[in-house]
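Everything below concerns the one structure shown next.
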Amino acid sequence: MDLIARLRAGLPGEAILTDPDVTGSYAHDMASFCEAGTPAVVVLPRTVEEVQHIMRTATELRVPVVPQGARTGLSGAANASDGCIVLSLVKMDRIIEINPVDRIAVVEPGVINAVLSRAVNEHGLYYPPDPSSWEECSIGGNIGTASGGLCCVKYGVTAEYVLGLDVVLADGRLLTTGRRTAKGVAGYDLTRLFVGSEGSLGIVVRAVLALKPEPPGQLALAAEFPSTAAACQAVCEIMARGHAPSLLELMDRTSIRAVNDMAQMGLPDSTEALLLAAFDTPEPAADLAAVGKLCTAAGATEVVPADTAAESDLLLQARRLTLTALERVKSATMIDDVCVPRSRLAEMLDGTAAIAEKYGLTIGVCAHAGDGNTHPTVCFDAADPDESRRARESFDDIMALGLRLGGTITGEHGVGVLKKEWLARELGPVGVELQRGIKDVFDPLGILNPGKLF
């Protein structure tokens with residue numbers, strides 16, 4: 001019996017897509033420079049049992065399976081391989097439970113981040129992880145790539161909110177990991193192992209997520225600096241003094257000018273770096289005043305605190321517009337997410353500026369400055385082979401710079417296809433050997449998302 005016939009034995013007809021014009025649209029995520037193959041079929045299950053049927057079929061026929069969420073990823077982790085089953089989880093989109101007493105939510109992987117966030121807000125609760133694509137990205141994808149967001153400086157990344165998982169393994173067995181309780185240390189932490197595994201160990205079909213009480217509304221300030229070094233010094237002082245901002249973002253001059261050109265924000269041309277800080281504490285105005293003084297002491301030429309939530313939103317608008325503005329500079333962009341120690345942030349930004357000059361490219365940097373996670377965005381003409389080559393080489397130079405500064409090649413976007421050669425450099429041969437060994441335990445046939453990570 002062939003693959004499609006076997007799949008139809010356990011799936012409704014509408015869950016199986018075979019038209020090449022349709023399946024081709026599922027071939028890749030949003031990453032540049034990442035090869036993608038041609039899937040044999042796309043399946044859209046709605047139940048755990050249907051996912052199990054798909055995986056049993058794939059194992060019996062030795063067919064690779066590429067799990068997908070909303071395909072908003074930036075590393076090629078969701079890219080199809082030739083002849084694979086693309087297993088799209090977008091139809092498994094139920095919020096099964098929101099429990100205010102236990103402060104948990106139980107969800108299926110296709111739930112959109114923003115939908116969950118708004119649903120728990122109705123109970124006075126808060127799900128902190130907030131990737132910039134939160135209106136589109138799915139919880140399953142967030143788990144697969146260990147996503148972050150603007151709030152990580154205070155609240156941490158996705159991994160810190162995943163308490164337990166239901167996972168369909170490569171052979172179709174269902175594994176339950178973790179807990180619903182506030183504490184639990186029984187056995188190896190398999191839950192954390194799956195977070196960030198990019199679908200290479202199993203298919204997440206349900207997640208138990210930790211929630212927090214909804215914080216007060218935040219207030220923000222914007223501080224303009226004459227140099228990135230001065231702005232980064234302010235970041236170091238803010239963190240060293242024990243402040244806990246809910247947001248601490250930085251934009252370099254290239255990003256500022258791109259936003260100015262697009263939206264006429266009125267930021268002075270002399271501004272080399274813009275630092276945005278916000279607090280959701282009981283008295284945010286007092287916290288902003290203290291941080292404002294630190295910014296001034298570090299060399300800020302202008303510090304503008306907001307008095308209201310509406311004013312805060314206006315101050316933060318420039319940061320929200322950064323990627324859109326940089327996408328207007330050239331026909332294509334490559335977005336990196338190198339993370340370095342906060343104390344090396346200035347070196348990372350200055351080094352990236354030198355790389356831009358070396359290759360004759362526009363590279364804008366915005367950063368989750370509070371946790372050292374930088375997003376250098378390389379702007380280039382995809383139709384120009386030489387410029388595309390320089391873009392790729394500059395991207396590699398940026399990752400090498402991050403490693404030299406004691407950082408990591410990815411803080412929240414994942415490895416996928418784009419960075420798998422660099423993963424080996426970061427982990428070293430012993431680390432790669434052990435990680436491949438773990439992969440072999442969960443996926444001995446190597447059918448789960450082949451060609452990713454390693």
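Note that this is a predicted model, so its numbers are computed, not measured.
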Fill in: Within-4.5 Å side-chain heavy-atom neighbours: Thr271 and Arg257
no

Worksheet item: Between CG of Leu221 and CG of Leu288, what distance do you get to the nearest 0.5 Å?
Response: 5.0 Å

Worksheet entry | Pairing of Arg392 and Asp396 as salt bridge, 4.0 angstrom limit | yes

Worksheet item: Hey, what's the ring geometry for Phe380 with Phe33, parallel, tilted or perpendicular (30° and 60° as the breaks)?
Response: parallel

Worksheet item: Quick one: CG on Leu448 to CD1 on Ile203, what's the gap to the nearest 0.5 Å?
Response: 5.0 Å

Worksheet item: Taking the side chain as C-beta and beyond, is there a heavy-atom pair between Thr254 and Val365 under 4.5 Å?
Response: no

Practice prompt. Return the minimal non-hydrogen interatomic distance between Ala207 and Leu165, and the atom names on each side.
Written response: CB-CD2, 3.7 Å

Discussion item. Donor-acceptor pair, distance only, cut-off 3.5 Å: does the side chain of Thr158 make one with the backbone of Ala146?
Written reply: no

Discussion item. Please give me the minimum heavy-atom distance between Trp134 and Ile112, naming the atom from each residue.
Written reply: O-CG2, 3.5 Å

Worksheet item: Tyr161 and Asn142: side-chain donor and acceptor closer than 3.5 Å?
Response: no

Discussion item. Enumerate the salt bridge (Lys or Arg N to Asp or Glu O under 4.0 Å) contacts for residues 183-202, please, sequence neighbours excluded, ordered by first and then second residue.
Written reply: none

Item to complete: Mind jotting down which residue pairs meet the salt bridge (Lys or Arg N to Asp or Glu O under 4.0 Å) criterion with at least one end in residues 321-346? Sequence neighbours excluded, please.
Response: Lys330-Glu387, Asp336-Lys419, Asp337-Lys419, Arg344-Glu347

Practice prompt. For Cys339 and Gly411, work out which heavy atoms get closest and say how close.
Written response: CB-CA, 4.1 Å

Practice prompt. Using a 4.5 Å cut-off on heavy atoms from C-beta on, say whether the side chain of Met92 contacts that of Val204.
Written response: no

Practice prompt. Check for a donor-acceptor pair, side chain of Ser312 on one end and backbone N or O of Ala220 on the other, with a separation under 3.5 Å.
Written response: yes

Discussion item. Between Asp350 and Thr228, do the side chains contain a donor N or O and an acceptor N or O under 3.5 Å apart?
Written reply: yes

Worksheet item: What do you reckon, is CZ of Arg179 surrounded by more than 12 foreign heavy atoms closer than 6.0 Å?
Response: yes

Fill in: Neighbour count above 12 (heavy atom, 6.0 Å) for Glu421 CD
no

Discussion item. Counting only heavy atoms from other residues, nucleotides and ligands, does the tally under 6.0 Å from CE of Met262 exceed 12?
Written reply: yes

Worksheet item: Are the side chains of Arg180 and Val106 in touch, meaning some heavy atoms are under 4.5 Å apart?
Response: yes

Worksheet item: With Ala346, which residues qualify under side-chain contact (heavy atoms from CB on, under 4.5 Å), at least two apart?
Response: Cys232

Worksheet item: Is Asn260 reaching over with its side chain to a backbone N or O of Gly266, donor-acceptor style, under 3.5 angstrom?
Response: yes

Worksheet item: Any side-chain heavy atom of Gln317 within less than 4.5 Å of one from Val259?
Response: no

Discussion item. Could you walk me through whether Tyr155 and Asp280 satisfy the side-chain hydrogen bond (donor to acceptor under 3.5 Å, both in side chains) test, starting with their C-alpha distance in whole Å, then the side-chain angles of each, then the deciding distance to 0.1 Å, before giving a yes or no?
Written reply: CA-CA 11 Å; Tyr155 292 104; Asp280 59 4; 2.6 Å; yes

Worksheet item: How many angstroms lie between atom OG of Ser117 and atom CD1 of Ile139, to the nearest 0.5 angstrom?
Response: 7.0 Å

Worksheet entry | Glu283, CD atom: more than 12 neighbouring heavy atoms under 6.0 Å | no

Item to complete: Begin with the C-alpha distance, continue with both residues' side-chain angles, and end with the deciding distance and a verdict on side-chain contact (heavy atoms from CB on, under 4.5 Å) for Arg320 and Asp313.
Response: CA-CA 10 Å; Arg320 296 192 184 104; Asp313 287 342; 3.8 Å; yes

Discussion item. Donor-acceptor pair, distance only, cut-off 3.5 Å: does the side chain of Lys420 make one with the backbone of Gly451?
Written reply: yes

Worksheet item: Under a 4.5 Å cut-off applied to non-hydrogen side-chain atoms, are Cys295 and Phe225 in contact?
Response: yes

Worksheet entry | Verdict with reasoning, Val329 to Asp261, per side-chain contact (heavy atoms from CB on, under 4.5 Å) | CA-CA 10 Å; Val329 174; Asp261 289 343; over 6 Å; no

Practice prompt. Begin with the C-alpha distance, continue with both residues' side-chain angles, and end with the deciding distance and a verdict on side-chain contact (heavy atoms from CB on, under 4.5 Å) for Leu401 and Met348.
Written response: CA-CA 7 Å; Leu401 171 65; Met348 184 67 201; 3.8 Å; yes

Practice prompt. Give a yes or no on whether the backbone of Ser394 and the side-chain of Lys358 come within a donor-acceptor separation of less than 3.5 Å.
Written response: no

Worksheet item: Judged by atom type as modelled, is there a donor-acceptor pair below 3.5 Å linking the side chain of Asn113 to the main-chain atoms of Asp130?
Response: no

Worksheet, complete the sentence: Rounding to 0.5 Å, atoms CG (Leu150) and OG (Ser132) come to a distance of 7.0 Å

Worksheet item: Glu160: what forms a salt bridge (Lys or Arg N to Asp or Glu O under 4.0 Å) with it, not counting sequence neighbours?
Response: none

Discussion item. Main chain of Ser331, side chain of Asp381: is a donor-acceptor contact present, judged purely on distance under 3.5 Å?
Written reply: no

Worksheet item: Looking at Ile363 and Asp252, what are the two nearest heavy atoms and their distance?
Response: O-OD2, 3.8 Å

Worksheet item: Heavy atoms, side chains only, cut-off 4.5 Å: are Phe442 and Phe194 in contact?
Response: yes

Response to the item:
Interatomic distance, CG@Asp371 vs CG@Leu248, rounded to 0.5 Å, equals 9.0 Å

Discussion item. Between Arg390 and Asp386, does any side-chain N to carboxylate O distance fall below 4.0 Å?
Written reply: yes

Fill in: Pairs where residues 216-238 contributes a residue and the test salt bridge (Lys or Arg N to Asp or Glu O under 4.0 Å) is met, not counting sequence neighbours
Glu237-Arg241

Fill in: Pairwise side-chain contact, Pro213 with Arg103, heavy-atom cut-off 4.5 Å (strictly under)
yes

Practice prompt. Ignoring hydrogens and angles, tell me if any N or O in the side chain of Lys91 forms a donor-acceptor pair with the backbone of Arg46 under 3.5 Å.
Written response: no

Worksheet entry | Pairs meeting criterion salt bridge (Lys or Arg N to Asp or Glu O under 4.0 Å) with involvement of residues 65-74, two or more places apart | none

Worksheet item: Which is it for Gln218 and Ser246 under the side-chain hydrogen bond (donor to acceptor under 3.5 Å, both in side chains) test, yes or no, and what are the steps along the way?
Response: CA-CA 8 Å; Gln218 66 180 7; Ser246 54; 2.7 Å; yes

Worksheet item: Any idea how His375 and His368 line up, ring-wise: parallel (<30°), tilted (30 to 60°), or perpendicular (>60°)?
Response: perpendicular

Practice prompt. Taking all non-hydrogen atoms of both residues into account, name the closest pair between Leu276 and Leu247 and its distance.
Written response: O-CD2, 3.5 Å

Item to complete: Give a yes or no on whether the backbone of Asp93 and the side-chain of Glu108 come within a donor-acceptor separation of less than 3.5 Å.
Response: yes

Practice prompt. Begin from the C-alpha positions of Leu193 and Ile438 and carry the test side-chain contact (heavy atoms from CB on, under 4.5 Å) through to its verdict.
Written response: CA-CA 9 Å; Leu193 187 60; Ile438 292 169; 3.9 Å; yes

Discussion item. Testing the basics here: between Ala36 and His28, what is the closest heavy-atom pair and its distance to 0.1 Å?
Written reply: CB-CB, 4.1 Å

Worksheet item: So, Ser227 side chain and Ala230 main chain: donor-acceptor pair closer than 3.5 Å or not?
Response: yes

Worksheet item: What distance do Leu345 atom CG and Thr374 atom OG1 have between them, rounded to the nearest 0.5 Å?
Response: 7.5 Å

